[in-house]
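Below you'll find the structure, written out as structure tokens, and then a few comments.
Just so it is clear, the model here is predicted, and its values are computed rather than measured. In what follows, chains are A, B, ... by sequence order, proteins preceding strands, each numbered from 1.
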Protein chains: 2
Amino acid sequence: MSGSTMQKRMLDAMRPSALGDEPVRWQQRKSAQTRLKMLEAAVDCLVSGGYAGLTTAQVAERAAVSRGAMHHHFATRIDLVAAVVDHIFYQRIRLFLDDYLGTVAQRSDVELIDLATEAHWRSVQTREYAAYVELAVAARTDPELNAAFEPAARRYDEVWTAEMIESFPQWRDQWHAMKLGSDFAIAVHSGLLLHRPVFGQERIDMVLQLSMQAIRALYKA
Amino acid sequence: MSGSTMQKRMLDAMRPSALGDEPVRWQQRKSAQTRLKMLEAAVDCLVSGGYAGLTTAQVAERAAVSRGAMHHHFATRIDLVAAVVDHIFYQRIRLFLDDYLGTVAQRSDVELIDLATEAHWRSVQTREYAAYVELAVAARTDPELNAAFEPAARRYDEVWTAEMIESFPQWRDQWHAMKLGSDFAIAVHSGLLLHRPVFGQERIDMVLQLSMQAIRALYKA
DNA sequence: CAAATAACAGGCGATGCTGCCTGTTTTATG
DNA sequence: CATAAAACAGGCAGCATCGCCTGTTATTTG
């Protein structure tokens, strides 16, 4: 299984429906470009102001587009939010793969788990993950957001699981352990991120080390 | 070290300055009662509507007090928020101790770690922890809130650490390991809470089991 | 080249929140 | 009992945001 095949399959599975084939018309290209500019501005708003800071006026200002253009692409705020949700999950997959696949060349099987775990820890420190956390937390108390968020989150989880089974056929007989290790890493890393301001780097590193030991022990058993 | 002594010491360390000695005047008692009613209403708002849902109007309505009474006790919204922060940390300590100390009677030393870990997992499933998460996440993007939250969070962490050393003198020589286990449990549990809607109970239980093994292994080493 | 359509610009009223303000009632004090 | 002070009630202006609306420009198509 080549890295590029894996990358293509996962990205296809998570690609927002709005991003179909590459358009040829100038208008459509410009439109898609403006749309992307607004989505990136929305991520900026999420990171700097949280879900409450994701307002149509703020996004329009950051993206340097008029409120009219905003309304043309996203009729209501929740339409924008739904697009941002898809965009964030897509970017999370894309950025993780870019990072991880750049490290796996010429490595042995056992090293891959460590590399994947380390890549995951790096991935939670990105602005995209910060935006994801804002959405995930806000979705717990906002039914409209949750209606867009939870299905996307479930699909992301399914793609993640399926890919793990496909990409590591050598461990197919113990994929339950792989899934457990993945869930474990996800929980530890996001929890560490939440408590980072209080814990500080030193205690973070200690917990990361302990977690890695637990994951390695899981594969030996 | 008796449980009640430990309980008193920790609660004293985290008690909000507003809660001094028990007042005797009717007015002051009524005032403190109203104040508490507003703080509890604020927690309700946090849990059901997130930090953005913590508005002065909503809190006043839930607490069934006028906006004038609200303003009398908390001149500005941020004053209310700061009081809520202290209230939440105090309640977290109080509820955890109520739970944990109710389970430690007649138990051996090694069991205490398991019991404390289980009590901690229960504590993150309370409405008070849900409110804490809302505040912790919002504090990352709201400087005013962070100015009230981070000092309180650090103090909570210090009280927690100091108490661990005081309460388990038999393991004083390996308190670094204890601290690491505590940090680890905190990270795993809060991370699991965030991903609970996607993971589901079964995978949650698996990760909890794996985490407990890692903690036990930590104490054997 | 003309008609149609897509992309974009900006304004308006409604809504909800905040801070402040002026009264009213209840309790404490000399 | 009179006065002060605390606790509480409710209203009003300022501000930001949202959804919707009417124009304007640029591109496509017959």
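OP1 or OP2 of dC18(D) has at least one side-chain nitrogen or oxygen of T56(A) nearer than 4.0 Å.
Atoms CZ (R35(A)) and P (dC8(C)) sit 12 Å apart, rounded to a whole Å. The separation between M70(B) atom CE and dG19(C) atom C1' is 13 Å, rounded to whole Å. Between E61(A) atom CD and dA9(C) atom C1' there is a gap of 16 Å when expressed in whole angstrom units. Per the geometry, CG belonging to L54(A) stands 12 Å off P belonging to dT17(D), to the nearest Å.
Taking the six-membered ring for Trp and thresholds of 30 and 60 degrees, F149(B) and F89(B) have ring planes inclined between 30 and 60 degrees apart. The aromatic rings of H120(B) and W160(B) sit perpendicular to each other, their planes meeting at more than 60°, with 30° as the lower class boundary.
F199(B) places none of its side-chain heavy atoms less than 4.5 Å from the side chain of L194(B). Side-chain contact between H195(A) and D183(B): absent, with no pair of heavy atoms (C-beta onward) separated by less than 4.5 Å.
Between the axis at the start and the axis at the end of the helix from dC1(C)-dG30(D) to dG30(C)-dC1(D) there is an angle of 0°, using five pairs per end and rounding to 10 degrees.
Taking the centre and axis of the six-membered ring of Y132(B), the NZ or CZ atom of R92(B) falls inside the cone set by 45° and 6.0 Å. Cation-pi geometry between R140(B) and Y51(B) is not satisfied (NZ or CZ under 6.0 Å from the ring centre, within 45° of the ring normal).
Here dC8(C) is the nucleotide among dT17(D), dC8(C), dG10(D) with the atom lying nearest to any side-chain atom of A69(A). In the set dG10(D), dC8(C), dC17(C), the nucleotide with an atom closest to the side chain of T34(A) is dC8(C). When distances are taken from the side chain of T55(B) to each of dA9(C), dC17(C), dG10(D), the shortest belongs to dC17(C). Of the listed nucleotides (dT17(D), dA9(D), dC17(C)), dC17(C) has the atom at the smallest distance from the side chain of Q58(B).
Between E158(A) and R154(A) there is no salt bridge, since no side-chain nitrogen of the basic residue lies less than 4.0 Å from a carboxylate oxygen of the acidic one. D12(A) and R15(A) are joined by a salt bridge, as a carboxylate oxygen and a charged side-chain nitrogen come within less than 4.0 angstrom of each other.
Remark: H71(A), T76(A), R77(A) in residues 71-80 of chain A come within less than 4.0 Å of DNA chain D through at least one heavy atom.
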Report task. Would you check, one step at a time, whether the test salt bridge (charged side-chain N to carboxylate O under 4.0 Å, His left out) holds for R127(B) with D44(B)? Result -> CA-CA 8 Å; R127(B) 74 190 254 281; D44(B) 285 344; 2.8 Å; yes

